[in-house]
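Here the structure comes first, spelled out in structure tokens, and everything after it is commentary.
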Amino acid sequence: MIQYILRRCLYALPLLMGVNILTFVLFFVVNNPDDMARMQLGQKHVTEQAIQNWKQQHGYDLPLLWNQQADSSEKLTETIFYQKSMGLFLFDFGLSESGRNIGADIKQRMWPSLSIALPSLMVGLLVNISVALMMVLFRNTYIEFSSIVLCVVLMSISSLFYIIGGQFFIGKLLKLVPISGYDTGFSAIKFLILPVLISVVSGVGSGARWYRTLFLEEVEKDYVRTARAKGLTETQVLFKHVLKNAMIPILTGVVVVLPLLFMGSLIMESFFSIPGLGSYTIDAINRQDFAIVRSMVFLGSVLYIIGLILTDISYSFVDPRVRLE
Amino acid sequence: MYKLFLTIFILFLSACDVSQLNNPYQQDETDLSILYSSFSERPKHLDPAVSYSANENTFIGQIYEPPYQYHYLKRPYQLEPLTAVNMPVIEYFNQQGNKVDGVKIADIAYTDYTIDIKSGIKYQFHPAFIEANRKLTAEQIEAINLLSDFDQQGTRELIAADYVYQIKRLADPKVQSPIFGVMRNYILGFDEFSKQVNKAGIKQIEISGVQVVDRYRYKIRIKGKYPQFKFWLAMPFFAPMAWEVEAFYQQQGLSDKNITLDWFPVGTGPYFLSENNPNQRMVLTKNPNYREDKYPFEGEEGDKQKGLLDDAGKLMPFIDKVVYTLEKETIPYWNKFLQGYYDASGISSDSFDQAVQFIGDGDAKLTESMKAKDIQLQTSTMTSIFYMGFNMLDSTVGGDTESARKLRQAISIAIDYEEYISIFQNGRGLSAQGLIPHGIYGHEEHKAGMNPIVYDWVNEGYKRKSIKDAEKLMHEAGYQQGVDPKTGESLVLYFDTTSVSVDDRPRMNWYRKQFEKLGIKLVIRATDYNRFQEKMRNGSGQLFLWGWNADYPDPENFFFLLYSKNGKVKQGGENAVNYQNAEFDSLFEQMRNMEDSAQRLLIIQKMQDIVRKDAPWVFGFHPKSFSLFHGWYKNLKPNLMANNRLKYTRIDSKARELKREQWNQANFWPLLFAVIFFLLILFPAIKAFKHRAKETVK
């Protein structure tokens with residue numbers, strides 16, 4: 001398995017390099033270093049001299065990808081791409097264009113993101129699986145029918161509506177929790193109740209229907225009929241056999257998103273004033289802060305690759321037939 | 001059993017303090033005099049040499065103290081000493097270095113500003129003032145994560161050399177001050193210093209025009225006469241900087257922990273930044289070293305009746321702590337304001353109708369629900385202007401020909417900005433009659449201030465000229481019924497804008513309709529910000545929207561926007577329309593060096609007449625700011641120039657606490673009903689399931 005993981009890590013290197021080049025090209029198709037300087041220096045009294053100074057200080061006075069003026073290997077190394085991108089492979093994110101340490105910012109902001117995303121995922125998973133099992137248990141009854149209708153209704157509503165509605169009903173009318181905000185330690189709990197609840201409710205429609213499909217597929221299989229034939233109750237069949245065998249597709253969906261939980265949620269964090277990573281990239285794009293954009297895209301890619309590797313590993317634990325070679 | 005459970009539950013609910021479960025702050029803070037405010041975007045810079053935005057001045061305006069400030073209550077805006085003993089002593093010199101009286105501009109080669117600062121002013125406590133903290137080892141830096149990790153913090157007296165040090169920082173290209181380009185034209189030796197500083201270091205060399213005279217006195221020599229320089233001395237750019245502070249932050253390793261001068265300001269002001277987490281919360285706390293500073297004894301007429309002089313002579317600041325929370329969205333912000341968790345709020349368009357209504361004569365009034373909460377409304381016309389610019393280099397709308405001028409005048413009449421303000425600004429604005437906004441010297445009211453090209457004076461008020469007048473001008477310009485004689489079809493004009501979102505569509509359609517009144521076809525060219533700026537720089541735009549916010553309350557700060565030597569295309573200046581008029585330029589050169597006087601007003605009136613006639617801008621509107629404050633927030637008066645308003649204001653914490661308790665009683669009953677409803681649904685389901693489990697195969 002170690003060999004397999006190492007091989008996957010090596011495959012990741014060209015992939016990450018490709019992502020890096022793509023981000024670089026896309027960013028500089030839309031912006032150029034002069035635009036970035038103007039954005040950073042503000043709108044009033046910006047002189048050409050100030051722009052040149054800014055570019056020089058931030059290392060944007062070099063050619064983008066190829067330095068014709070330089071000698072030998074410096075043709076490649078004395079470029080914006082090389083200078084700004086190579087540190088990423090050592091997880092040295094450097095400074096943002098406004099002078100803040102990106103690594104320190106990411107470390108600080110990933111915990112609030114995680115504190116909202118992790119409980120949302122866990123509670124959401126529990127609720128979705130429970131509702132799906134209930135629908136399977138009561139299949140072909142009014143409960144299943146009404147649950148499906150409810151799920152479709154829940155799926156059809158915009159997540160923004162859940163957020164604003166939840167804030168209005170629970171925060172403003174019932175006054176049970178703060179409408180928005182964040183704090184550290186245990187004080188964070190009262191701020192997390194509402195966003196977690198909204199995440200779970202907004203996701204239950206699609207989640208429960210997806211798991212119901214998986215379970216229904218399983219309940220029709222031969223081993224389920226055998227289990228029933230040997231006299232097991234319906235609940236025993238569902239929880240001991242169906243649930244266990246439906247774990248592979250469940251894991252596929254869950255493990256792959258685990259590392260990405262660090263990246264946060266843009267809308268949720270914005271409306272609840274959670275100081276996470278959700279809006280970090282979008283704000284950086286708006287501010288034309290290339291240093292943050294490249295760091296976040298790189299980090300996102302790394303986490304996604306880790307997620308895929310973890311998914312493969314988890315298969316081997318859940319299904320003995322799967323071997324990583 | 002059920003009854004017992006229910007009784008316990010009800011007793012539990014009634015025993016709990018169900019007030020303020022939704023309080024987003026620590027409960028133990030409720031009795032302190034704390035102001036709760038917010039910020040929607042993290043500030044980019046907190047270094048006074050770099051910071052130039054209003055959201056940054058909110059913080060550094062309370063921390064750093066330039067020598068002068070604007071009087072909080074008096075209008076028109078008036079400068080007064082802050083850390084200075086009195087207003088600067090201004091002396092004029094000719095080329096030979098002899099003193100002259102300053103009346104003849106041509107005689108003046110230099111102007112000296114001599115500033116005496118008060119003795120005994122102390123900096124806030126900070127580790128930079130302890131020598132050992134400026135010589136940290138790598139291991140010591142490794143162990144530090146916050147400024148509070150330093151065991152020893154010190155202070156020292158403010159001296160004149162700190163002001164001089166800061167002016168040197170403005171000239172240092174590494175600092176990248178936005179006013180570098182402006183000051184190099186005025187401060188003697190500024191440019192030379194900037195060229196040498198990279199080699200020598202900021203402490204080693206001097207700016208020839210900036211001198212420390214003694215411990216509490218310094219002198220700035222500027223080229224020629226520039227009366228507006230005094231206004232710059234009231235901006236944070238000219239606040240003092242202790243060299244120890246810069247030396248402390250320059251230690252290698254601190255910036256990796258985001259401990260930089262740009263993020264942790266050190267000043268002498270009434271507050272210091274005690275918590276700096278721009279991703280979540282920023283806190284200003286009363287500076288224990290703050291000197292004796294008293295609330296003003298005088299204001300303008302009516303201030304006493306409004307209670308604005310009740311605290312006259314009392315020591316400031318009144319508020320102990322200010323908590324700024326990151327709040328990106330307006331809806332949660334507004335709801336928290338209504339719950340009493342924010343002390344002030346702007347009014348977004350979503351909540352405008354809920355808060356404000358207009359009465360017969362166009363005056364804004366609070367709605368009954370706001371009055372019931374004892375909320376106060378404060379309105380003020382901002383010292384800003386939004387306008388539509390004609391690129392004067394363009395062959396159709398630009399240039400000095402009579403035809404182009406009449407076309408511009410016709411368009412100025414056709415674009416009904418009164419309607420625009422009513423539809424898109426919720427009435428929050430005043431149509432502009434010229435360049436100068438309210439509150440700036442040279443602005444005139446009533447008929448004297450009217451733009452006669454666009455308006456008529458009817459029934460003691462401005463009335464926009466009819467569309468027939470505009471059509472007549474179009475005819476005279478050679479575009480009868482909007483037809484371009486070159487093509488025989490409707491005249492096509494191009495409007496460049498960065499308003500690209502769906503929300504902007506109604507506004508763009510409105511502009512299109514205004515031009516249709518004259519038979520002109522307006523093509524909207526939506527573009528991103530960078531490309532828009534590029535078009536402005538190379539002069540390829542035709543029509544565009546632009547705005548300006550006053551740096552200081554002087555008409556020069558608006559007229560320079562049309563001075564030909566500030567042309568965007570040729571000089572990269574702020575004259576975005578590239579307007580050029582020799583007479584205007586000559587009057588501007590006279591006016592900018594004059595003190596306020598009847599003669600200056602006469603020149604201003606002439607300049608207004610020229611630009612109204614030439615119409616390089618469609619003078620759009622001066623926005624009005626509407627702010628809401630809770631009744632417990634005192635001593636509030638709009639002051640659009642001052643950055644340090646906070647120290648004058650006061651919070652009645654007890655009144656706030658009472659209101660918060662009253663407004664935030666938690667309501668559990670709907671939840672209880674929801675649980676009962678859920679159980680009622682579940683019960684038949686369980687019954688059905690049990691019944692099914694017992695069923696046999698038939």
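So that the names make sense, note that chain A is the first sequence line, chain B the second, and so on, each numbered from 1.
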### Task
Mind checking side chain to side chain contact (heavy atoms under 4.5 Å, CB included) for B:Ala576 and listing every partner two or more places apart, or none if nothing turns up?
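Result, side chain to side chain contact (heavy atoms under 4.5 Å, CB included) vs B:Ala576: B:Tyr387, B:Phe544, B:Trp546.
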
### Contacts of B:Asp350 that satisfy side chain to side chain contact (heavy atoms under 4.5 Å, CB included) - sequence neighbours left out
B:Thr330, B:Ile331, B:Ser348

### Query
Would you call B:Arg537 and A:Asp34 a salt bridge, taking side-chain N to carboxylate O under 4.0 Å as the test?
no

Is it the backbone or the side chain of [X] that comes under 4.5 Å from a heavy atom of chain A, or both, or neither?
{"X": "B:Asn335", "result": "both"}
{"X": "B:Trp663", "result": "backbone"}
{"X": "B:Glu327", "result": "both"}
{"X": "B:Gln339", "result": "side chain"}
{"X": "B:Tyr333", "result": "neither"}
{"X": "B:Asp551", "result": "both"}
{"X": "B:Thr325", "result": "neither"}

### Query
Does B:Arg184 reach the side chain of A:Gln49, with side-chain heavy atoms less than 4.5 Å apart?
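They are in side-chain contact.
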
### Query
Heavy-atom distance under 4.5 Å between the side chains of B:Pro332 and A:Phe272, does that happen here?
no

Tell me, for [X] versus chain B, whether the close heavy atoms (under 4.5 Å) come from the side chain, the backbone, both or neither.
{"X": "A:Thr47", "value": "side chain"}
{"X": "A:Ser270", "value": "both"}
{"X": "A:Phe138", "value": "both"}

### Query
Does the pair A:Asp35 and B:Arg531 meet the rule for a side-chain contact (heavy atoms from CB on, under 4.5 Å), with working shown?
CA-CA 9 Å; A:Asp35 296 331; B:Arg531 299 293 78 77; 3.0 Å; yes

### Query
Do B:Asn530 and A:Gln288 have side-chain atoms, one donor and one acceptor, less than 3.5 Å apart?
yes

### Message
Side chains of B:Asn279 and A:Gln108: any donor to acceptor distance under 3.5 Å?
### Response
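Note: A:Gln108 and B:Asn279 side chains meet the donor-acceptor criterion.
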
### Message
Would you say that more than 12 heavy atoms from the other residues, nucleotides or ligands in this model lie under 6.0 Å from the NZ of B:Lys570, or not?
### Response
no

